[in-house]
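Report on the structure given below.
By convention in this document, chain letters (A, B, ...) are assigned in the order of the sequence lines, proteins followed by strands, and residues within each chain are numbered from 1. As the structure is a computational prediction, the values presented were derived from the model and not from experiment.
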Amino acid sequence: MVARALLGKVLVHGGRSGRIVETEAYVGAHDLACHAARGRTARTSILWGPPGRAYVYFVYGMHWCFNAVTGREGHPAAVLVRGLEALEGFDGPVRLDGPARLCRALGITGAQNGADLAASAVRILDAPAVRGRDVARGPRIGVDYAEEWAETPLRFWVRGSPGVSRGRPSRRRGQADSIR
DNA sequence: CTATTGATGGTC
DNA sequence: ACCATCAATAGG
């Protein structure tokens with residue numbers, strides 16, 4: 001799965017870069033947590049386009065979130081990047097845990113929506129994969145409304161990384177479910 | 001540590 | 001009305 005494979009890769013924008021340490025997969029129009037589940041609209045049309053482009057959306061009146069479109073044309077699926085570890089271009093310490101924080105820190109906004117991730121100012125660079133035993137997975141964050149999809153373990157993160165967000169999947173209790 | 005709330009605005 | 005959020009605050 002692409003969300004798992006993106007862990008360890010490098011997101012770059014505006015001269016700043018970070019190693020991807022937390023992702024969530026949104027797998028299609030049938031996934032009730034996916035923005036595409038409510039049909040093709042002006043906002044979500046990029047999701048139906050070709051893979052390898054940025055889907056950047058605005059939430060809660062103040063935050064941008066960055067996704068990479070992963071589904072082939074006509075198949076809306078994407079991976080939300082939720083956490084990074086700082087690599088280059090930052091002036092002092094930065095927090096990159098959380099999808100909106102990382103966008104703010106890298107200067108990603110709606111201006112990058114639709115950008116080609118292989119040939120524009122926003123890029124994802126290849127890098128060594130994260131070892132299986134360092135990867136954990138669990139339910140996605142903030143999607144309680146998505147019925148059975150709320151508990152589907154489509155969130156992936158690098159165990160122990162400071163770039164992993166602290167948001168819990170609020171429905172269930174207990175610790176982060178984990179392990180590969 | 002958990003829980004709650006205000007900020008702030010596009011989308012449908 | 002509803003959010004794929006964050007920061008600040010209050011309470012145990």
Tell me the interatomic distance from [X], atom [atom1], to [N], atom [atom2], rounded to whole angstroms.
X	N	atom1	atom2	value
A:Ile141	C:dC3	CD1	P	16 Å
A:Arg140	C:dT5	CZ	C1'	17 Å
A:Met62	C:dC6	CE	C1'	8 Å
A:Arg104	C:dC6	CZ	P	9 Å
A:Asp144	C:dT5	CG	P	11 Å
A:Trp64	C:dC3	CH2	C1'	15 Å
A:Tyr60	C:dT5	OH	C1'	6 Å

task: Give me the residues of residues 47-57 of chain A where at least one heavy atom lies under 4.0 Å from an atom of DNA chain B, by number, or none.
output: none
- prompt: Are A:Arg159 and A:Trp157 in a cation-pi contact, defined as NZ or CZ under 6.0 Å from the six-membered ring centre and within 45° of the axis?
  reply: no
What pairs with [X] under side chain to side chain donor-acceptor pair (under 3.5 Å), at least two apart in sequence or on another chain?
X	result
A:Asp134	A:Arg131
A:Arg40	none
A:Asp91	none

May I ask you to test the [X]-[Y] pair for a side-chain heavy-atom distance under 4.5 Å?
X	Y	answer
A:Glu24	A:Val79	no
A:Val56	A:Asn67	no
A:His35	A:Tyr55	yes

message: Just to be sure I understand: a Watson-Crick pair is purine N1 to pyrimidine N3 plus N6-O4 or O6-N4, both under 3.5 Å. Using that and G-U wobbles, which stems of three or more pairs involve DNA chain B?
response: B:1-7 with C:5-11, B:9-11 with C:1-3
- prompt: So, are A:Arg16 and A:Glu88 salt-bridged, with charged N and O less than 4.0 Å apart?
  reply: no
Identify the pairs formed between an N or O of the protein and an N or O of nucleotides 9-12 of chain C at a distance under 3.5 Å, and give each distance.
none

task: Can you sort out which residues in residues 21-37 of chain A have a heavy atom within less than 4.0 Å of DNA chain C? Ascending by number, please.
output: A:Tyr26, A:Ala33, A:His35
Residues within residues 90-100 of chain A bordering DNA chain C, heavy-atom distance below 4.0 Å: A:Gly98, A:Pro99, A:Ala100
Would you find a donor on one side and an acceptor on the other, under 3.5 Å apart, between the side chain of [X] and the backbone of [Y]?
X	Y	answer
A:Arg82	A:Gly163	no
A:Ser120	A:Leu117	no
A:Arg123	A:Ala118	yes

Could you go over nucleotides 10-12 of chain B and give all protein N or O partners under 3.5 Å, atom names and distances?
{"from": "B:dC12", "atom 1": "OP1", "to": "A:Thr41", "atom 2": "OG1", "distance (Å)": "2.4"}

field: Test ring pair (Phe, Tyr, Trp, His ring centres under 6.0 Å) applied to A:Trp48 - qualifying residues, sequence neighbours left out
entry: none
message: For A:Phe58, give me all partners under ring pair (Phe, Tyr, Trp, His ring centres under 6.0 Å), at least two apart in sequence or on another chain.
response: A:Trp64
OG1-CG distance between A:Thr23 and A:Leu6, expressed to the nearest 0.5 angstrom: 6.5 Å
- request: First locate atom CZ of A:Phe156, then atom CD1 of A:Ile20, and finally report the distance between them rounded to the nearest 0.5 Å.
  value: 13.5 Å
- prompt: Should A:Arg166 be listed as having a side-chain N or O under 4.0 Å from OP1 or OP2 of C:dC6?
  reply: no
field: Same apolar cluster: A:Tyr57 and A:Tyr26, side chain cutoff 4.5 Å
entry: yes
statement: Correct closest heavy-atom pair for A:Arg19 and A:Gly8 would be CG-O, 3.8 Å
Give the table of side-chain donor-acceptor pairs shorter than 3.5 Å for residues 103-112 of chain A, with sequence neighbours excluded, one pair per line with atom names and distance.
{"from": "A:Thr109", "atom 1": "OG1", "to": "A:Ala111", "atom 2": "N", "distance (Å)": "3.1"}
{"from": "A:Gln112", "atom 1": "OE1", "to": "A:Thr109", "atom 2": "N", "distance (Å)": "2.8"}
{"from": "A:Gln112", "atom 1": "NE2", "to": "A:His13", "atom 2": "NE2", "distance (Å)": "3.4"}

